[in-house]
Amino acid sequence: MKKNKDISMLHLSEQQIIRIKKLNQLKLLGINPYPSEEYCITTTIVNIQKKFTEKETVSIAGRLIRLRILGKASFGEIQDHTGRIQIYLTKNHFDSEKMGKEDSYNIFKKLIDIGDIIGVKGFLFKTKMNEMTIHVHRFTLLSKSLRPLPQVKMDQNKKIYDAFSNTEQRYRMRYVDLIVNDHVKEIFLKRTRIIREMRNFLDKKGYIEVDTPALQSIPGGAVARPFVTYHNSLGIPLYLRIANELYLKRLIIGGFHGVYEFSKNFRNEGMDKIHNPEFTVLELYVAYKDYYWMMKFTEELMKWIYNKIVQKKDILIEENKKINFQNPFPRIPILNAIKTHTGFDIKDMEEDDLRKVCKQLNIEENLKISKAKLIETIFEEKCEKHYINPTFIIDYPLEMSPLTKKHRHKKNLSERFELIINGQEIANAYSELNDPIDQLERFREQIKLSEKKTDESMFIDKDFIRALEFGMPPTAGIGIGIDRLVMLLTKQNSIQEVLFFPQMRPEPEK
RNA sequence: GACCUGAUAGCUCAGCUGGUAGAGCAUUACACUUUUAAUGUAAGGGUCCUGGGUUCGAAUCCCAGUCAGGUCACCA
């Protein structure tokens, strides 16, 4: 029997084996290491710290994250969802454990580990060092931890030592990351607040939050490679949505005046610092509006979020860059932006001349790419990075905007804008194309342009055309990349830092 | 997809031109009733990512692979 046990523990570390032994000893002592009963708390750690009252009795629960045993007394730190507080235990101050004071203290000293989840009851006092502390007279083990927690230490100057910093481990074991790295939790709390504030704003305006299918038989609304799956009882392939745009427009056709959705989209493409296979976009469509209105609206929304979240007067500082959200956001036609930053006036230029311009600008031009794509590339390579303060880049070439209305005055351009902040595209919006005949034509052109020789019937959403044929009011729509917005407002430069569980390859078996 | 960098104890890392594997924290034992990066003494803890090769001898050199990060490419 002993032999078996040894074999089963072969892959465990010394520290894990010790903890399992402690677990068994606790059981032998009649202590359930995983009790079911509700543990009654009277307050939270942050509340204790906010209104500290000497001698007040409190009961709290949380994870033991530090332990300093000094013989007949011990100090620890306990962490709940609101913060951390010091606890103090002494040999003579357990009042009601069955096994007597000394035994209780010894159990604490010998069988409780850093990482265990415990409940403590005691009274508040301040130590010589003026540290708010709970003098514990009863503790309850609520959950035994069987793996050692990384010990992140901080000195008096708040300098961090031995941080749990290996990115792979942090992402694979986000639960550990969240326990030991305070700033990580803050990023995610901020993410939640950003989304909540956006929702508040949109609700206040009277727009309706909706849900549309994530499983679609035609992946529309964007050009991207979808994830494919299969529905067994329907016997058909289904695609994870690459966008929800076409469904929201159907709802506008159905009579809603304004609809929005925080949509998880999926794209089966490359991954890097700003692309995860699944990501979140806020899409909003408002009837009887155009892209000028949407710019005003977007500016108002962004300022709202900024003021709610950042709460410093004007400026978000990032690597010596100052981003000012308070001034009006300038509106710059993309062709003007190109003229400003490259000196070339490419208005009305033909494709051959555009290629010459690319050459002079040292932009790799690829024969396959279209005229519109060339313009886009010039902008991305030479202009985008200059727009640090929020800026609307407007009036994109028509060809790259198949769902957008033709510009009411400007030839070959569309009524479209992107919001650029800190050199990054945060939002994309337009006056929605509502001419069904034009829309069908544009879909067809798009398929011709794409190099994938795809079956037209597969990628043209005929039901969407049918819906347009019933008549869609003039509509303005916008998509805001939530992950990138969160990155901006939390100063993170990797999308993985704003997703709880970024996509990873499965962990290799050891 | 290409290139570069990395993988060593639970965590963070050192390990030189190849010679039986190290530190700090964590763990265990002892001491310590106001510590807070607690302290002191002692001890234990390793598939050096995996698989080949070179060599008398490989954590170290070579090749292939796995995973991660970075740069670029692709990407509405």
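In what follows, chains carry the letters A, B, and so on, assigned in the order in which the sequence lines appear, proteins first and then strands, with residues in each chain numbered from 1. All values below come from the heavy atoms of this structure, side chains included, with hydrogens, waters and symmetry mates left out.
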Validation: residues 157-165 of chain A side-chain donor-acceptor distances under 3.5 Å, sequence neighbours left out:
| from | atom 1 | to | atom 2 | distance (Å) |
| --- | --- | --- | --- | --- |
| Y161(A) | OH | D155(A) | OD2 | 3.0 |
| S165(A) | OG | A163(A) | O | 3.4 |

For [N] and [M], measure between their [atom1] atoms and round to the nearest Å.
| N | M | atom1 | answer |
| --- | --- | --- | --- |
| A21(B) | U8(B) | C1' | 9 Å |
| A37(B) | G15(B) | P | 29 Å |
| U50(B) | U66(B) | C1' | 7 Å |
| C61(B) | U5(B) | P | 12 Å |
| A59(B) | G52(B) | P | 14 Å |
| U12(B) | A73(B) | C1' | 35 Å |
| G40(B) | G22(B) | P | 22 Å |
| U47(B) | A38(B) | P | 28 Å |

Only counting residues at least two apart or in another chain, list the ones meeting side chain to side chain donor-acceptor pair (under 3.5 Å) with S74(A).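 With sequence neighbours excluded, S74(A) shows a side chain to side chain donor-acceptor pair (under 3.5 Å) to Y105(A), given in chain and number order.
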Go through the structure and list residues passing side chain to side chain donor-acceptor pair (under 3.5 Å) with T404(A), not counting sequence neighbours.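 Residues passing side chain to side chain donor-acceptor pair (under 3.5 Å) with T404(A): none at all.
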Polar atoms only, N or O, under 3.5 Å: list the protein pairs with nucleotides 32-34 of chain B and their distances.
| from | atom 1 | to | atom 2 | distance (Å) |
| --- | --- | --- | --- | --- |
| C32(B) | N3 | G71(A) | N | 3.2 |
| C32(B) | N4 | G71(A) | N | 3.1 |
| U33(B) | OP2 | K72(A) | N | 3.2 |
| U33(B) | O2 | Y88(A) | OH | 3.4 |
| U33(B) | O4 | N92(A) | ND2 | 2.3 |
| U34(B) | O2' | K128(A) | NZ | 3.2 |
| U34(B) | O2 | K128(A) | N | 3.0 |

Between U27(B), U36(B), G69(B), which one does the side chain of Y171(A) approach most closely? G69(B)
Taking the side chain of D272(A) as heavy atoms from C-beta outward, which of A38(B), G69(B), A73(B) is closest to it?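 The closest nucleotide is A73(B).
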[X] [atom1] to [N] [atom2]: how many Å, rounded?
| X | N | atom1 | atom2 | value |
| --- | --- | --- | --- | --- |
| E381(A) | C72(B) | CD | P | 10 Å |
| K110(A) | U27(B) | NZ | P | 12 Å |
| I20(A) | U27(B) | CD1 | P | 17 Å |
| R172(A) | C67(B) | CZ | C1' | 6 Å |
| R225(A) | A76(B) | CZ | P | 11 Å |
| L12(A) | U27(B) | CG | C1' | 15 Å |
| E131(A) | U36(B) | CD | C1' | 6 Å |
| H275(A) | G70(B) | NE2 | P | 14 Å |

Going by ring pair (Phe, Tyr, Trp, His ring centres under 6.0 Å), name the residues that satisfy it together with [X], two or more places apart in sequence or in a different chain.
| X | value |
| --- | --- |
| F75(A) | Y88(A) |
| Y291(A) | none |
| Y430(A) | none |
| F123(A) | H135(A) |

Decide whether S431(A) and E415(A) meet the rule of one side-chain donor and one side-chain acceptor closer than 3.5 Å.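 Side-chain D/A pair, S431(A) to E415(A): present.
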Do the side-chain N and O atoms of S401(A) and R442(A) include a donor-acceptor pair separated by under 3.5 angstrom?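 There is no such pair between these side chains.
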Does [X] put a side-chain nitrogen or oxygen below 4.0 Å from OP1 or OP2 of [N]?
| X | N | answer |
| --- | --- | --- |
| R505(A) | A68(B) | yes |
| K153(A) | A26(B) | yes |
| R68(A) | U35(B) | no |
| K273(A) | G69(B) | no |

Cation over ring face, K126(A) and F52(A), 6.0 Å, 45°: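 Satisfied, under 6.0 Å and within 45°.
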Going by salt bridge (Lys or Arg N to Asp or Glu O under 4.0 Å), name the residues that satisfy it together with K144(A), two or more places apart in sequence or in a different chain. D113(A), D116(A)
Over 60° means perpendicular and under 30° means parallel, so tell me whether F379(A) and Y387(A) are parallel, tilted or perpendicular.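 Correct class here is parallel.
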Are Y161(A) and A37(B) stacked, counting the six-membered base ring, centres under 5.5 Å, planes under 30°? yes
Looking at every strand, decide which applies to K158(A) at a 4.0 Å heavy-atom threshold: base, sugar-phosphate, or nothing. nothing
According to the Watson-Crick and G-U wobble definition with distances under 3.5 Å, which dot-bracket string, read 5' to 3', encodes RNA chain B, using [ ] for crossing pairs and | for pairs with another strand? (((((((..((((.....[..)))).(((((.......))))).....(((((..]....))))))))))))....
Test: salt bridge (Lys or Arg N to Asp or Glu O under 4.0 Å). Region: residues 67-86 of chain A. Which pairs qualify, not counting sequence neighbours? R66(A)-E77(A), R68(A)-E77(A), R84(A)-D182(A)
Do P436(A) and Q439(A) come close enough that some side-chain heavy atom pair is under 4.5 Å? no
By nearest heavy atom, map R416(A) and Q496(A) onto RNA chain B; which one lands nearer the 5' end?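 Nearest-nucleotide comparison on RNA chain B picks Q496(A).
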Spell out protein contact along nucleotides 6-15 of chain B as letters: B when the base is contacted, S when just the sugar-phosphate is, - when no protein heavy atom is under 4.0 Å; keep the 5' to 3' order. ----BSS---
